[in-house]
Amino acid sequence: MITITTIKDMRDYSAEVRRNGKTIGFVPTMGYLHEGHLGLVRESVLTSFRTVASIFVNPAQFGPNEDLDKYPRNTEKDKELLEGVKADVLFFPSVREMYPEGYSTYVTVEGALTDTLCGALRPGHFRGVATVVLKLLNIVDPDRAFFGQKDAQQAIVIKRMAKDLDLRADIRVMPIIRDEDGLAMSSRNVYLSPIERAKATVIYKSLSAAVDLVKKGERSVREIKLAMSAMLEAEGVRTDYIAAVGADDLRPVEKIKGRTLIAVAAWVGSTRLIDNVIVER
Ligand code: AMP
C-alpha cells in the first residue's frame, strides 16, 4: 500500500488507473480504524480494481464544543490494518492541504434530510460532511464510494448530494458492524471506561427490543419509544433523541408502516454514540 498526502499526487494516481480503463473504490474515514471501516474496505477490494481509503479528521464537521481535538488517532496502526485488508492507497491529506488559507466554499444539503436527528442537534455538521465528501470524491474520482449504515443520516445526505450534483461515483451503503455484545463499532468507543462500555450495550438492546415489538405487531411509535427510553434510562444513559422516521425521507412517523428507521443518539458518560435499525412492515 502506498500513502499519498497531496491532492495533486492523488489525482495523478486516479487518472492513471482510469486511463487504463480500471475501476477505483473509495472508503472515506476519520481513522482509528475498526472492523466497521475494514468491512467497507473489503467490499471495495472485492468490487474494484484499486481501493483508496482516506483518513481525514475533518474540522468542518465538528462543532465548537465537540471532540475534534481529542478525536482518537493512530495512523501507524491504521496503515497496518489497511495493508491487512489489501487497500492499495491511503490518502492522508493535512488540514492545510484540504482547507488552504482563503478556503470559502461549502455544500449544504437543505431541508428535511438535514433539519432532523443529528442535523437538528449538531448545527453545521452535515454541511461539513457534505463539503469534505464532495471534495474527496472530486480528488479521488472513484467509480464507487462506500459508507456505513451506522451513520444512517450521513449516508442518506450523501446519496442525495450525489444525485443532486450529478456525481459520477456510485454511493454504496454497507450494514452496521457490531461487537459480539451488539455495540455498534465506533472509533469513539475508545472513550468509554469499562463500566460505560458495559452500559453502552443498552443502546442496541433497546433497538432490538423495538424490533421485537414490531415483530409482535406493535405499530405505535409512542409505545416503542416509551419501551426504549425506559431501558436506556434504567442504565442512566441520556438520549439526544429516540426517533422513528421514514428510512428514505427521514420524516417522522407515528405508526410503523413501510421501511422505518429507528435511530438513537445517546450519551454514555461524556461520549455521544449513535445506532439504528430498520424495521419493515
Ligand atoms: P468515520 O471514520 O467514523 O467517519 O466512519 C467512516 C465510515 O465508516 C462511515 O461511512 C461510517 O458510516 C462507517 N462506519 C463506522 N462505523 C461503522 C460500523 N460499525 N459499521 C459499518 N460502518 C461503519
Side-chain angles (χ1 to χ4, degrees), residues 27-41 53-82 92 95 117-129 132-133 146-158 173-208 228 231-232 235-243 261-277:
V27 180
T29 82
M30 299 204 299
Y32 214 75
L33 302 180
H34 51 66
E35 275 299 314
H37 301 112
L38 299 181
L40 303 180
V41 176
S54 65
I55 296 178
F56 183 64
V57 182
N58 175 34
Q61 72 190 64
F62 286 79
N65 299 316
E66 294 183 358
D67 57 346
L68 172 62
D69 291 336
K70 67 165 188 163
Y71 196 83
R73 297 168 202 245
N74 189 346
T75 312
E76 286 316 306
K77 171 89 184 298
D78 287 349
K79 282 184 184 169
E80 280 172 27
L81 292 171
L82 289 171
F92 183 50
V95 172
L117 307 178
C118 290
L121 290 141
R122 302 182 69 190
H125 172 66
F126 288 113
R127 171 182 182 261
V129 168
V132 81
V133 170
F146 298 86
F147 294 86
Q149 176 62 17
K150 157 91 177 4
D151 299 271
Q153 188 175 16
Q154 168 174 286
I156 289 176
V157 167
I158 288 166
V173 182
M174 306 303 296
I176 301 176
I177 306 293
R178 303 177 177 284
D179 266 332
E180 274 170 23
D181 58 8
L183 181 67
M185 293 206 175
S186 165
S187 307
R188 289 188 167 101
N189 291 350
V190 70
Y191 297 148
L192 301 170
S193 71
I195 290 171
E196 289 172 340
R197 174 71 186 67
K199 278 184 184 293
T201 59
V202 72
I203 297 171
Y204 183 58
K205 283 182 192 144
S206 74
L207 288 164
S208 301
M228 292 177 68
M231 291 177 74
L232 289 152
E235 288 293 333
V237 170
R238 188 164 55 83
T239 56
D240 269 355
Y241 59 75
I242 301 172
L261 178 76
I262 303 182
V264 175
W267 290 88
V268 182
S270 55
T271 304
R272 185 178 185 276
L273 300 175
I274 57 171
D275 197 355
N276 67 82
V277 292

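Side chains are part of it too, since the values below use all heavy atoms of this structure and drop only hydrogens, waters and symmetry mates.
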Please indicate whether F92 has more than 12 foreign heavy atoms, meaning atoms of other residues, nucleotides or ligands, lying under 6.0 Å from its CZ.
no

Has the side chain of T239 got a donor or acceptor atom that lies under 3.5 Å from a matching backbone atom of I242?
no

Does any non-hydrogen side-chain atom of L192 lie less than 4.5 Å from one of V268?
yes

Does some side-chain heavy atom of S187 sit less than 4.5 Å from a side-chain heavy atom of H37?
yes

Rounded at 0.5 Å granularity, tell me how far CG in L40 sits from CD1 in I177.
8.0 Å

Partners meeting side chain to side chain donor-acceptor pair (under 3.5 Å) with D240 (sequence neighbours left out):
W267, R272

Restricting to non-hydrogen atoms, name the atom on L207 and the atom on M228 that form the minimum distance, rounded to 0.1 Å.
CD2-CE, 3.7 Å

Test side chain to side chain contact (heavy atoms under 4.5 Å, CB included) applied to L261 and Q149, step by step
CA-CA 11 Å; L261 178 76; Q149 176 62 17; 3.8 Å; yes

Looking only at heavy atoms, which two atoms of F126 and G119 are closest? And how far apart?
CE1-N, 3.5 Å

Qualifying residue for side-chain contact (heavy atoms from CB on, under 4.5 Å) with F147, from V133, V157, I156:
V133

Pairwise distance OG(S270) to CD(E196) - rounded to 0.5 angstrom:
6.0 Å

Can you tell me how far the CG atom of D275 sits from the CG atom of L183, to the nearest 0.5 Å?
7.5 Å

V264 and I274: side chain to side chain contact (heavy atoms under 4.5 Å, CB included), yes or no, with the steps?
CA-CA 6 Å; V264 175; I274 57 171; over 6 Å; no

Side-chain heavy atoms of I203 within contact of T201, under 4.5 Å:
no

Intermediate values then yes/no, salt bridge (charged side-chain N to carboxylate O under 4.0 Å, His left out), K77 and E80:
CA-CA 5 Å; K77 171 89 184 298; E80 280 172 27; over 6 Å; no

Rounding to 0.5 Å, atoms NE2 (H34) and OG (S186) come to a distance of 5.5 Å

Do the side chains of S54 and T29 get nearer than 4.5 Å, heavy atoms only?
no

Considering non-hydrogen atoms only, spot the tightest contact between A53 and L82 and give its length.
CB-CD2, 3.9 Å

Closer than 3.5 angstrom, by distance alone: can the side chain of E235 be matched with the main-chain N or O of A200 as a donor-acceptor pair?
no

Are the side chains of P28 and F146 in touch, meaning some heavy atoms are under 4.5 Å apart?
no

Answer yes when D181 and K205 have at least one side-chain N-carboxylate O distance shorter than 4.0 Å, and no when they do not.
no

Are V190 and Y32 side-chain neighbours, meaning at least one heavy-atom pair lies under 4.5 Å?
yes

Side chains of L273 and V237 in contact at under 4.5 Å (non-hydrogen atoms)
no

Nearest-0.5 Å distance, CG of residue L117 to OH of residue Y241
4.5 Å

Which residue pairs pass the salt bridge (Lys or Arg N to Asp or Glu O under 4.0 Å) test with at least one member in residues 53-67, sequence neighbours excluded?
E66-R122, D67-R188

From D179 CG over to M185 CE, what is the distance, rounded to the nearest 0.5 angstrom?
4.0 Å

Heavy-atom side-chain contact between F56 and V95 under 4.5 Å
yes

All side chain to side chain donor-acceptor pair (under 3.5 Å) counterparts of Q61, not counting sequence neighbours:
N58

Take F62 and H125 through the side chain to side chain contact (heavy atoms under 4.5 Å, CB included) test and state the conclusion after the steps.
CA-CA 6 Å; F62 286 79; H125 172 66; over 6 Å; no

